[in-house]
Peer 1: 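Below you will find the structure I want to go over with you.
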Amino acid sequence: MTDFADLVITGADVWTATATSCWSDSLALRGDRIAALGSSAARELVGPRTRVIHAPGSMVVPGFQDAHVHPPFAGRNRLHVWLNDLQGRQAYLDRIAQYARDNPDAPWIIGGGWAMESFPGGTPRKEDLDAVVPDRPVFLMNRDAHGAWVNSKALEIAGITQDTHDPSDGRIERDPHSGEPSGTLHEGAAYGYQDRYLPPPSRADWETAILEAQTHLHSLGITGWQDAWVTPATLDAYRSLAVGGRLTARVVGALWWDRHRGLEQLDDFLTQREAGAAQGFFPTSVKIMIDGVLENYTGALLEPYCDGCGGRTDNRGLSYLGRDLLAAAVTELDSHGFQVHMHAIGDRAVRNALDAVQAARSANGPSDHRHHIAHIQVVQPEDVPRFRELGVVANAQPYWAQLEPQMEELTLPFLGRDRAQLQYPFGDLLRSGATLAMGSDWSVTTANPLEEIEVAVTRVDPQNRANAPFLPEQALPLRVALAAFTSGSAYVNHDEDGGSLQVGRRADLALLDRNVFTSGAAVANAHVNMTVASGKVVYERSA
């Protein structure tokens with residue numbers, strides 16, 4: 001007796017992402033597995049209860065996997081003040097004011113998503129927030145989550161005045177004339193405020209936030225991800241969702257390295273890895289923030305920042321872990337079987353990250369932990385081949401590799417001409433033989449893999465395709481970018497069952513409304529019509 005398929009898709013261009021025979025025309029799913037590829041094999045599995053979708057002109061791809069994303073925080077912001085879909089100071093203030101009116105009993109106004117380029121010098125002021133919310137504290141992280149916009153009430157609650165010293169890992173923005181805090185907190189100043197003064201969400205709150213994010217990510221064809229910032233609270237929420245069967249994505253959790261502590265926190269990670277694991281959730285990675293970002297001059301550079309006017313400063317940015325401690329941390333984590341997920345923006349941070357992996361290999365020997373460096377914004381040419389030599393995955397966020405206001409106003413003038421040419425060297429990494437994975441860093445920028453992939457291929461904003469490409473020699477072929485967001489990210493997530501469409505593998509896929517290989521460079525014009533995770537339809541686009 002034939003075990004019939006649950007779902008058969010025919011007539012579509014099926015991109016399998018395999019090294020051989022990467023195209024098919026049909027596939028069949030049974031349970032959580034791919035049961036057949038090809039029209040004749042799939043047709044034999046059609047039974048009386050099989051759902052058959054005939055989709056000529058469409059394209060099936062493996063389910064996208066996001067190698068660096070922040071769903072709990074993005075989901076929480078979407079449920080409060082969500083500014084990511086807006087542009088400009090006034091639009092932000094209008095939404096903040098509307099949220100405050102709609103939620104008169106909310107003791108805090110929280111959320112985020114404002115863009116630095118919307119304010120002079122990238123630093124919004126408290127007076128604007130005071131005008132729309134004078135009676136309650138406001139705390140809004142920016143899009144890259146490296147700074148916060150606060151009002152006077154929030155500063156007052158924390159006792160932050162002109163006499164308050166900057167933390168060692170951050171900065172309080174101050175009025176240049178009075179010295180008073182002006183309303184922007186950078187890096188550790190923002191994180192410290194968030195930890196000390198904001199009411200902590202409950203587990204139920206975090207579960208709701210993750211589910212909100214999961215719904216959005218599934219709508220974009222994403223069936224798995226690596227959460228790049230898992231705290232004990234979000235770990236608990238993920239595990240609860242997984243045990244209850246509500247986590248329909250496959251998730252790797254990167255446990256958060258506290259930069260104010262040392263190697264003694266390894267015991268905590270061992271406990272969290274054992275206690276937090278559940279079906280579909282794997283807390284097997286550790287995230288280390290090595291530096292900040294270039295836009296607020298905290299990204300770690302080998303040579304000082306320029307002053308924006310042709311001169312140099314004495315600021316080389318911040319290293320949150322010294323070189324020796326970083327090497328010791330990676331070595332210890334590697335020896336206990338953890339993958340290490342490192343944030344490195346500046347060339348000094350990237351070099352220190354590579355040196356740390358080299359130290360781990362020297363101490364422990366080669367491993368298959370698949371350590372990776374995320375963001376890789378400025379990389380010195382001599383460090384590019386070290387990714388392949390050390391087996392370090394280049395975890396790219398391709399949407400950033402374009403000319404846009406933040407790049408033009410807050411980055412290029414402070415890097416200088418020569419260093420500006422070293423940004424996001426995806427093409428060089430590919431040519432050197434590095435393994436590429438891709439992620440969005442959502443909610444920093446769009447979570448849509450199709451938009452991310454288009455920028456990787458064109459180095460141009462999909463919303464402004466007439467713009468000049470940014471360092472076009474670093475563009476990637478479409479097949480490489482698509483593979484990086486599927487099989488590449490599955491590789492970094494140790495997901496041997498995902499990332500490609502093969503008989504017997506887990507049934508994770510996205511059905512697109514067109515073949516992106518034949519629709520020109522406008523990859524982002526495609527839409528996801530259906531997402532299937534572990535054989536279940538988790539998203540279907542309404543007609």
Side-chain angles (χ1 to χ4, degrees), residues 15-19 22-23 59 61-62 64-69 220-222 344-345 350 370 372-379 381 383-388 392-404 407 420-442 445-465 467-493 499-500 510 512 514-526:
W15 188 73
T16 64
T18 55
C22 42
W23 289 99
M59 180 181 180
V61 299
F64 296 116
Q65 294 198 25
D66 193 313
H68 183 107
V69 66
L220 300 173
I222 296 169
I345 291 281
V350 172
R370 305 177 192 179
H372 49 125
I373 303 176
H375 310 324
I376 47 176
Q377 182 166 353
V378 181
V379 185
D383 287 324
V384 168
R386 298 180 68 200
F387 282 80
R388 181 173 184 270
V392 174
V393 179
N395 186 338
Q397 284 60 65
Y399 198 79
W400 304 350
Q402 56 170 285
L403 281 173
E404 40 76 42
M407 175 66 74
Q421 303 301 306
L422 304 179
Q423 293 187 86
Y424 306 117
F426 306 149
D428 286 346
L429 286 161
L430 172 67
R431 288 182 284 272
S432 74
T435 298
L436 295 175
M438 285 188 179
S440 66
D441 207 10
W442 183 66
T445 44
T446 176
N448 188 341
L450 297 168
E451 294 179 345
E452 301 271 351
I453 288 167
E454 180 171 326
V455 177
V457 171
T458 66
R459 309 281 287 203
V460 174
D461 180 0
Q463 307 302 318
N464 296 285
R465 291 186 175 119
N467 286 358
F470 179 59
L471 305 178
E473 66 275 13
Q474 301 299 344
L476 297 174
L478 175 56
R479 61 173 179 79
V480 172
L482 192 55
F485 239 115
T486 51
S487 57
S489 293
Y491 174 82
V492 87
N493 285 334
S500 64
L512 311 183
R514 69 197 72 186
N515 187 328
V516 295
F517 285 95
T518 60
S519 59
V523 177
N525 287 358

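Position 1 is the first residue of the sequence; numbering continues from there.
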Peer 1: Specify the closest pair of heavy atoms between Pro425 and Ile376, including all atoms of both residues, with the distance to one decimal.
Peer 2: CD-O, 3.7 Å
Peer 1: Is it the case that more than 12 heavy atoms not belonging to Arg465 sit under 6.0 Å from its CZ atom?
Peer 2: yes
Peer 1: Can you check whether Ala524's main-chain N or O pairs, donor with acceptor, with Glu454's side chain at less than 3.5 Å?
Peer 2: yes
Peer 1: Please report the C-alpha distance between Val460 and Gln402 in whole Å, then the side-chain angles of each, then the deciding distance to 0.1 Å, and finally whether the side-chain contact (heavy atoms from CB on, under 4.5 Å) criterion is met.
Peer 2: CA-CA 5 Å; Val460 174; Gln402 56 170 285; 6.0 Å; no
Peer 1: For residues Val378 and Gln423, report the shortest heavy-atom separation together with the two atoms involved.
Peer 2: CG2-CG, 4.1 Å
Peer 1: Please report the interatomic distance CG(Asp461) to CD(Glu451), rounded to the nearest 0.5 Å.
Peer 2: 8.5 Å
Peer 1: Go through the steps for Val393 and Val492 under the test side-chain contact (heavy atoms from CB on, under 4.5 Å), then give the verdict.
Peer 2: CA-CA 7 Å; Val393 179; Val492 87; 4.1 Å; yes
Peer 1: Which residue, Asp66, Asp441, Thr445, Val69, forms the side-chain contact (heavy atoms from CB on, under 4.5 Å) with Gln397?
Peer 2: Asp441
Peer 1: Would you say the side chains of Asn493 and Gln65 form a donor-acceptor pair under 3.5 Å?
Peer 2: yes
Peer 1: With the side chain counted from C-beta on, respond yes when Pro449 and Leu220 share a heavy-atom pair under 4.5 Å apart, and no when they do not.
Peer 2: yes
Peer 1: Could you tell me which non-hydrogen atom of Thr446 sits nearest to which non-hydrogen atom of Glu452, and how far apart they are?
Peer 2: O-OE2, 2.7 Å
Peer 1: Compare all side-chain heavy atoms of Asn515 with those of Trp23 and state whether any distance is below 4.5 angstrom.
Peer 2: yes
Peer 1: Kindly check if the number of other-residue, nucleotide or ligand heavy atoms within 6.0 Å of CZ (Arg431) is above 12?
Peer 2: yes
Peer 1: Would you check if the side chain of Gln474 reaches a backbone N or O of Asp428 as a donor-acceptor pair within less than 3.5 Å?
Peer 2: yes
Peer 1: Give a yes or no answer on whether the side chain of Arg370 reaches the backbone of Tyr491 with a donor-acceptor pair at less than 3.5 Å.
Peer 2: yes
Peer 1: Could you walk me through whether Leu482 and Phe64 pass the side-chain contact (heavy atoms from CB on, under 4.5 Å) check?
Peer 2: CA-CA 9 Å; Leu482 192 55; Phe64 296 116; 3.7 Å; yes
Peer 1: Can a donor-acceptor pair be found, under 3.5 Å and without considering hydrogens, that links the side chain of Asn395 to the backbone of Ala67?
Peer 2: yes
Peer 1: Going through the checks in order, is the side-chain contact (heavy atoms from CB on, under 4.5 Å) test met by Val455 and Phe470?
Peer 2: CA-CA 10 Å; Val455 177; Phe470 179 59; over 6 Å; no
Peer 1: Is any side-chain heavy atom of Met59 less than 4.5 Å from a side-chain heavy atom of Thr518?
Peer 2: no
Peer 1: Check Ala526 against Leu450 and note the closest heavy-atom contact, atom names and distance.
Peer 2: O-CD1, 3.5 Å
Peer 1: With a 4.5 Å cut-off on side-chain heavy atoms, are Ile453 and Val523 touching?
Peer 2: yes
Peer 1: Going from CD on Glu404 to CG on Asn464, what distance comes out if it is rounded to the nearest 0.5 angstrom?
Peer 2: 10.5 Å
Peer 1: Under 3.5 Å, is there a donor-acceptor pair between the side chain of Ser489 and the main chain of Thr486?
Peer 2: no
Peer 1: To check you understand the geometry: which heavy-atom pair defines the closest contact between Ala447 and Ile222, and what is its length?
Peer 2: O-CD1, 3.5 Å
Peer 1: Please report the closest heavy-atom contact between Phe426 and Leu476, naming both atoms and the distance.
Peer 2: O-CD2, 3.7 Å
Peer 1: Name the orientation class of the two ring planes belonging to Tyr424 and Trp400 (parallel below 30°, tilted from 30 to 60°, perpendicular beyond 60°).
Peer 2: perpendicular
